Protein chains: 2
Amino acid sequence: MTDTKKSVIKRRKSADIRKGNLQLILTVAEQRFAEFGYNGTTISSIAEQANLPKSNILYYFKTKEVLYKEVLSQILKIWLVDMEEMTADQHPKEALRQYILLKVRQSKDHSNASRIFASELLHGAPFLKEKLQTDLKVQFISTCQVIREWIAKQWMNPISPEHLLFMIWSSTQAYADYGLQSSILMGKAELDDDDFETGAELITQIVLRGCGIKQL
Amino acid sequence: MTDTKKSVIKRRKSADIRKGNLQLILTVAEQRFAEFGYNGTTISSIAEQANLPKSNILYYFKTKEVLYKEVLSQILKIWLVDMEEMTADQHPKEALRQYILLKVRQSKDHSNASRIFASELLHGAPFLKEKLQTDLKVQFISTCQVIREWIAKQWMNPISPEHLLFMIWSSTQAYADYGLQSSILMGKAELDDDDFETGAELITQIVLRGCGIKQL
DNA sequence: CAACTACCTGACCACAGAGTCAACAAGTTA
DNA sequence: TAACTTGTTGACTCTGTGGTCAGGTAGTTG
């Protein structure tokens, strides 16, 4: 009994070490990459912030590139999930509102991930190009189709679904990407919850009205 | 006569060397910084692309940082100019349309500059913070005031000028920042003139309708 | 406890990249 | 032409960084 228990405890403890360190490193790495970019981030700086020796980082991730890709890989998933929820049978009034809200929330809650993603795109998506051409593109085409059906049902004005999506993406994404700049301009240390809510609401209003979608 | 002429020619030639090299370096540097970011860009790579020895770059720009700041400094100016043109006596219908058009054009014609600016903001504007707090903020506040006056005149719905500007900035800026991603999704090598026009028109329509600005 | 595996880490290496410098070339002016 | 300024460049230094490695320790299993 004691043996088993002890063994179990130890086994769990050992697994926890790995899991814990992995998580710690990924979290810290995400912060650093978001702030300084891939080239501006050193393994040493990650190590320092995580309170681990540099060699230990390299023990879990063979190279810096592997670590970065690992961080990246989780981001695209998050990005795609929200879009899937828009379907043709929903009314755009609800669907778009919800999507915009989620995207802005994401900019707030996963600001680092969002910024890394943006930075990646900005520099030509060297590590993401393939995934964009497959996963994201499939989802994109499908969502454009949904919008086309909304238009066919005359639930909204006939406008380019592609450009509409670009507009929604960029304006919601901006609350992560340019949050700092925005806060400077608005004269505060950082954007608060209200700012995000106001932003989401404004984007929603403008998009819905702009697309000729009658509200209520 | 011959002497003077010769002298003049030589003087001009000498000045031209400086001017020409300066311009060449700045242009190449802008490309590299846009594509690889500050840390991802090496002086050697700039030198190579400009067909100059590395030392020569350092002769004109004491350090990499000086060169980068020089590139940056020209960008903010461009960014501010268009905004100045929006004034309270104009009707937002015209003013916003024009501003959006200019901003999208800028994303097309000065894509590198736009991307450097975006990248700078994305990483907390380490080199631009001061200028943002002064120049850009002044212009921002003033433009917000213009919008407030439009609202007071009931030329548009009462919406937050700050967030409206963020929305316009980000959605127009996106045509530079995410141009590559967009082209991938739309299945072409790069966005063509039509895409930019369509984008500008769509943003304009949505913003004008979204703000409750009657067109014509 | 013994053998084993997973985890940890300081010392080390190779190399790239920013910036210096000294010597030289080319234009400029009197 | 002589004195001077401006431009040019290869060779060099020095720091920082990604990554290796060997020798450790701590958990694990029979």
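Below, chains carry the letters A, B, ... as their sequence lines are ordered, and counting in each starts from 1. Since the model is a prediction, treat every value here as computed from it, not as a measurement.
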Are the charged groups of A:Glu201 and A:Arg97 less than 4.0 angstrom apart, N to O?
-> yes
Ionic contact status for B:Asp195 with B:Lys188, cut-off 4.0 Å | yes
Are B:His163 and A:Tyr175 an aromatic pair by the rule of ring centers under 6.0 Å?
-> yes
How are the rings of A:Phe166 and A:Trp169 set to each other: parallel, tilted or perpendicular (split at 30° and 60°)?
-> tilted
Would you kindly check whether a donor in the side chain of [X] faces an acceptor in the base of [N], or vice versa, at under 3.5 angstrom?
X       : N      : value
B:Lys64 : C:dG19 : no
A:Ser55 : C:dG10 : yes
B:Lys54 : C:dG17 : no

In whole angstrom, what separates [X]'s [atom1] from [N]'s [atom2]?
X       : N      : atom1 : atom2 : answer
A:Arg32 : D:dT17 : CZ    : C1'   : 14 Å
B:Ile57 : C:dG17 : CD1   : P     : 15 Å
B:Asn51 : D:dG7  : CG    : P     : 20 Å
A:Asp16 : C:dC7  : CG    : C1'   : 14 Å
B:Leu22 : D:dT8  : CG    : P     : 11 Å
A:Leu58 : D:dG19 : CG    : C1'   : 6 Å
B:Lys19 : D:dG7  : NZ    : C1'   : 18 Å
A:Asn56 : C:dA6  : CG    : P     : 16 Å

For [X] and [N], is the shortest distance between a side-chain N/O and OP1 or OP2 below 4.0 Å?
X       : N     : result
B:Tyr59 : D:dT8 : no
A:Arg18 : C:dC7 : yes
A:Asn21 : C:dC8 : yes

